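Here the structure is a predicted model, which means the values were calculated and not measured. First the proteins, then the strands, lettered A, B, ... as listed; each starts at 1.
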Amino acid sequence: MRHTLSVTVENEPGVLSRVAGLFSGRGFNIESLNVAPTLEEGVSHMTIITNGDEHIVEQIVKQLRKLVTVIKVVDLIEHSSVEREMVLIKVNAEDAKRAEILRIVDIFRCKVVDVSVDELSIEVTGDHGKIEALINLLGRFGIKEVARTGTVAMKRALQV
Amino acid sequence: MELTGAQIFLECLKKEGVDVVFGFPGGAVIDIYDELPNYPFKHILVRHEQGAIHAADGYARATGDVGVCLVTSGPGATNTVTGIATAYMDSIPVVIFTGQVPTPLIGNDAFQEVDIVGITRPCTKHNYLVKDIKDLAYTVRQAFYLARTGRPGPVLVDLPKDIMQQKFEFEWPEDVSLRSYSPNLTPHARQIKKVAKLIEGAERPLIYAGGGVISSGAEDELTWLAKSLNIPVTATLMGLGAFPGDDPLWLGMLGMHGTYAANMAINNADLVLAIGARFDDRVTGKVSTFAPKATLVHIDIDPTSIQKNVAVHVPLVADCKSALSALKSEMEPNLDSIDWEVAHAVWVRQVQEWSETHPLRYKKSDTDYIKPQRVVEKVYEISKGEAIVATEVGQNQMWAAQFYKFKRSKSFLSSGGLGTMGFGFPAAIGAQMAFPDKLVVNIAGDGSIQMNIQEMMTAVCNNLPVKIVILNNGYLGMVRQWQELFYNCNYSETCMDAQPDFVKLAEAYGAAGYRVTEEKDLEPILKEAFSNGKPTIIDVRVDPEENVYPMVPAGASLTEMLLV
Ligand SMILES: Cc1ncc(C[n+]2csc(CCOP(=O)(O)OP(=O)(O)O)c2C)c(N)n1
C-alpha cells in the first residue's frame, strides 16, 4: 500500500540524512522524499512516499516520531489531501507524431518548455495518477528522459 | 565573565553534577585536558577508548546516573563506536564527548578527522556537532537531558577544537525545551482500568519484566504487583534483579537460555504483562508460537517497541514506574475483594512444580574438571549475593545470569542487546568507581577478557579492586556450543588453547593473579581473592566442553528446549 507521509522537521544540518538513514538502516522502502523550508523559520517540511503493509507503515511513522528532530508526522492516507508532483519529460517527436503529442499536452494541460527538431520537452504537474497516465501515453513515442521532483502533499482544509 | 569553550564545557559538566569522566586525550581535546585539573571531578584515564565508553556505561548501569566519556577526534572517536552501540541497544544513559578538527577544516580530510556524527547517527539517541560557541552550553545541557529522560540512551556531542579555544560568556540554560521531543510518561487512565480488569479475570497471569523496569526505577511497584496479587515473575537478561531472585514467585530468566519453568509459564499463561521489555528474538523464540494462550499487555515508554515484533492486545505507552503506580492505585482499594492467594493458587503451584521438576542444573563432573556453573554458584555463596556482577559475552554470561541469584537491580551489568565481548571488565571498572567499597566481580570467558584486558592498568592505577573470574574453557565456548549442536562438531576457529598466562599477565600489570585447577581450591582462592583489596584475575580452568542448558535453538518455539 502506498502511503504519503507529511513530516515536519527542525531545519538542522543532518536532518535529511537522519530521516533517509532511518529508512535504509531499517530496511523500509522509500519511493520519493521531498524536502524544503516552510514559512516558519527553522522548520522544514518533508513529503515521503513509502509503501508497505499497515504494520510496516505504523513502524515507520513511530520511528520517525522518535527522531529528536522530527516535530510532526502525519500519514495522509488517514486524511483527505492534495498531492502534486512536477515532471519534465523529453519525448521523441518527429513531424508525423508532433500534432498528436501536442494534443495530449493540451488534454493533460501540460506545458511545452523546450522544442527541437525531433524532440519536445514537456512540463506536467499533477497527482500520481495523472502523471502515470501521461507517462504511459507518451511512452509509445519514446521517452528519452524524465526528471521528477517527487511528490509534495498537504492535508486539505476542513470542509464544512 | 568570558570563558573559553573548554571552560564552558567543563562548567557545564559541573552543573550537571558529573563526578567522574572516563576518557583518553588527544590533539583535538587538548584544550579541555589543559583545563581539567582546575575542575573538581575525577578523570579516569583508560588505556583504550572502548574501555572509556564501556566504563561510563557500567557506571551508568550501576548507579542509574548518566555516564560520561571524553575522547579525541578520529581514531579516538571511532574506538568508542562499539560501546555506543552497546549502550544504545540496552538504553543506557551515557553522554560521549568527542573532539573534532577545527571548524574551518571540517570536510577537508584533515588530520584525525572523521564524521563521527554521521557514523554514530544510527546508534545514538541523538547527536550533535557544535558549530558555534554560542550553542555550546545549551547543547551540552540538551545532551544530558536527552540521555536521561524518556527511553534513556547514548547522546554524542562533537566538539571542534577551535570552539574549545574561542571565548564566550558562560550562561547556564536552566530550562530545556525541545518542541519535537516530549516522551509520554503518564499512562492512559482507561488502559490502566482495562489492565486491572484483565488481571482480575486472569487465572494464569505472568509478569515478564525487562530492563525498562530498572531504568524507570519501578522495582518496588513491580514487586508489590507480584506479591500482592500472587503473580509469578520472569525477566529478560536486562531485567535481572528487578525482582528478588530468591523469591518463591521468581521463575528465572526466560527465552533461549531461560528456565524450563519460565518458558513453560509463558506458553501456558492466559495473561502476560510485559513491562519495559521489547520481545527480543532471544526471548520470544519463534514469534508465532510465543505466549499462544495469553492476552498480551505491553507497557513501554517507547511507542516503537510496541507492536514491533509481536501483536499485543493492550498497548500502554508510559514510563513503567508511572504505569505500575497507576495500576497499584487502581487495584489497591479493592484488594480485599478477591483472595489473590486462592485465585492463583493452582497456577502458582503449577509453575513451582515446573521449577522443582526442571531446576537449573548441570551434570556433576565425571572427570576432574571444575564445572563453570559451580564457579558461579561459589561466587554467589561467597559474595552472599551482594556483589555487582558484570559479565562478558558467551557461556560465561548465560551461566552468570542463570546461577547468580540477583537480589537487587543494577547489580547485573551485561551487554544484552548487542552482545559485546569485552564489555564486562571495563563496565566493572565503571561500577567499582561508583561503589569503591562494593565487591565487583566480572565473570568472563577466556576469549572475551582478551578484548579489553589492557584496562587492567586502569584498574591498578586507580586502585579499583575489580575481580575477574575467568571461566577458562580454552574455547570461544558459546560458538563452540553452536558448532557442536548445529554444525556437526565442526570446531572451526573456536579453539583458543593458545593463551597467555593469565596469572603472570595480572602480575605484569601489578594486579594479583590466581589459578584454580581443582575444585577443592575454588572456595579458598575465591575467598582470598575477594578480600585482597586488589584488582585480581582468578583463572579457573573449567570443563572445556560444558554447554549452557536449557537451550531453545534459534527460531524454535520456547517449549522446544534442549535440557540437561
Ligand atoms: C565483539 C564480539 N565478537 C564476536 C562475538 C561472537 N561471540 C559470541 S559468544 C562468543 C564466544 C565467547 O567466548 P569466551 O569469551 O571465551 O566465552 P565462553 O562462551 O567460552 O564463556 C563469540 C565469539 C561477540 N559476541 N562479540
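Put simply, of A:Leu22, A:Val9, A:Thr69, the one with the most heavy-atom pairs under 4.5 Å next to chain B is A:Thr69.
In this structure, the side chain of B:Lys125 engages the main chain of B:Arg151 through a donor-acceptor pair within 3.5 Å. Side chain of A:Lys130 to main chain of A:Phe108: a donor-acceptor pair is present (N/O by atom type, distance under 3.5 Å, no hydrogens or angles). For the pair A:Lys97 (side chain) and A:Asp118 (backbone), a donor-acceptor distance under 3.5 Å is absent.
Using the six-membered ring where Trp is involved, B:His298 and B:Phe279 have ring planes that are perpendicular, over 60° apart on the 30 and 60° scheme.
Contacts between A:Glu10 and chain B at a heavy-atom distance below 4.5 Å involve the side chain alone, from C-beta outward. Contacts of A:Val70 with chain B are made by backbone atoms alone, with heavy-atom separations under 4.5 Å and no side-chain atom involved. Looking at B:Leu129, there are no atoms closer than 4.5 Å to chain A (heavy atoms on both sides), in backbone or side chain. Both the backbone and the side chain of B:Asn127 come within contact range of chain A, judged by heavy atoms closer than 4.5 Å.
B:Lys134 and B:Asp132 are joined by a salt bridge, as a carboxylate oxygen and a charged side-chain nitrogen come within less than 4.0 angstrom of each other.
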